[in-house]
Engineer: 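Below is one structure. I have some questions about it.
All residue numbers refer to positions in the sequence shown, counting from 1. When reading the values below, keep in mind they use all heavy atoms of this one structure, side chains included, and skip hydrogens, waters and symmetry mates. The shown structure was predicted, so the numbers you read here are calculated from the model rather than taken from an experiment.
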Amino acid sequence: MNETGNTPAGNTAGTNADSTPTVVFGQEPGWGAQQQPPASRGSAQIRWGGVVWGIILIAFAVGTLAVLSARDRLIAAQAWFASLTPASAWALGLAVAGGIIVVLAVLGGVRSAQRRRRA
């Protein structure tokens with residue numbers, strides 16, 4: 001509302017029970033307008049990050065199924081986990097974290113190269 005008690009034109013959706021205008025925000029012309037996507041420049045870019053993480057997920061799933069599919073492999077995996085000392089468990093955890101960091105670094109390099117190539 002302005003100083004005179006009137007609402008700006010085009011912003012009222014109706015009136016309340018006491019005859020005061022209801023102001024609706026976001027109804028101005030152009031509100032929420034979306035830009036058109038850029039014209040296609042040929043074939044779509046391959047999202048290598050998704051490809052690499054997909055391969056990692058598939059490898060993890062295959063390894064898990066390989067262990068769980070045979071009872072002797074499951075027993076061997078359980079014995080191996082039980083034989084881990086706290087120090088070896090920490091070393092294994094650090095090795096896994098290091099592997100994830102390496103994958104992230106490689107994916108960052110691939111993303112940077114793709115951005116430079118597009119520019």
Side-chain angles (χ1 to χ4, degrees):
M1 289 189 163
N2 59 21
E3 300 85 36
T4 61
N6 296 328
T7 59
N11 281 347
T12 57
T15 56
N16 292 326
D18 61 353
S19 299
T20 59
T22 303
V23 178
V24 179
F25 295 99
Q27 299 296 320
E28 293 84 19
W31 178 267
Q34 301 290 324
Q35 291 183 352
Q36 293 294 329
S40 178
R41 292 183 281 174
S43 64
Q45 290 283 331
I46 296 175
R47 307 232 10 196
W48 287 105
V51 171
V52 170
W53 282 115
I55 290 170
I56 291 171
L57 181 63
I58 289 170
F60 182 77
V62 166
T64 302
L65 286 174
V67 170
L68 296 176
S69 65
R71 185 147 179 82
D72 59 333
R73 286 191 293 258
L74 180 60
I75 292 170
Q78 288 174 339
W80 179 73
F81 279 123
S83 70
L84 288 176
T85 63
S88 62
W90 274 103
L92 180 63
L94 289 174
V96 169
I100 291 171
I101 290 170
V102 167
V103 169
L104 290 173
V106 168
L107 291 177
V110 168
R111 185 174 183 188
S112 176
Q114 281 185 331
R115 283 185 174 178
R116 269 187 269 130
R117 189 174 37 176
R118 273 189 258 160

Engineer: Please check if the side chain of S69 supplies one atom and the backbone of L65 the other of a donor-acceptor pair under 3.5 Å.
Structural biologist: yes
Engineer: In the hydrophobic cluster built from side-chain contacts under 4.5 Å, what are the other members alongside I58?
Structural biologist: V62
Engineer: Is a side-chain donor or acceptor of S88 paired with a backbone partner of L84 at a separation under 3.5 angstrom?
Structural biologist: no
Engineer: Under 4.5 Å between any side-chain heavy atoms of V52 and V106, yes or no?
Structural biologist: no
Engineer: Report yes or no: do L57 and L104 belong to one cluster of Ile/Leu/Val/Met/Phe/Trp/Tyr joined by side chain heavy-atom distances under 4.5 Å?
Structural biologist: no
Engineer: What do you reckon, is CH2 of W90 surrounded by more than 12 foreign heavy atoms closer than 6.0 Å?
Structural biologist: no
Engineer: Group every Ile, Leu, Val, Met, Phe, Trp and Tyr by side-chain heavy-atom contacts under 4.5 Å, then state whether W48 and V103 land in the same group.
Structural biologist: no
Engineer: Is R47 atom CZ crowded by more than 12 heavy atoms from other residues, nucleotides or ligands, each under 6.0 Å away?
Structural biologist: no
Engineer: Give the minimum heavy-atom separation between G49 and L107, together with the two atoms involved.
Structural biologist: CA-CD2, 3.7 Å
Engineer: Would a hydrophobic clustering, with Ile, Leu, Val, Met, Phe, Trp and Tyr connected at side-chain separations under 4.5 Å, put I75 with L68?
Structural biologist: no
Engineer: Report the distance from atom CG of L92 to atom CH2 of W80, rounding to the nearest 0.5 Å.
Structural biologist: 4.5 Å
Engineer: Are W53 and V96 co-members of a hydrophobic cluster defined by side-chain heavy atoms under 4.5 Å apart?
Structural biologist: yes
Engineer: Nearest 0.5 angstrom please: R71 CZ to Q78 CD, how far?
Structural biologist: 7.5 Å
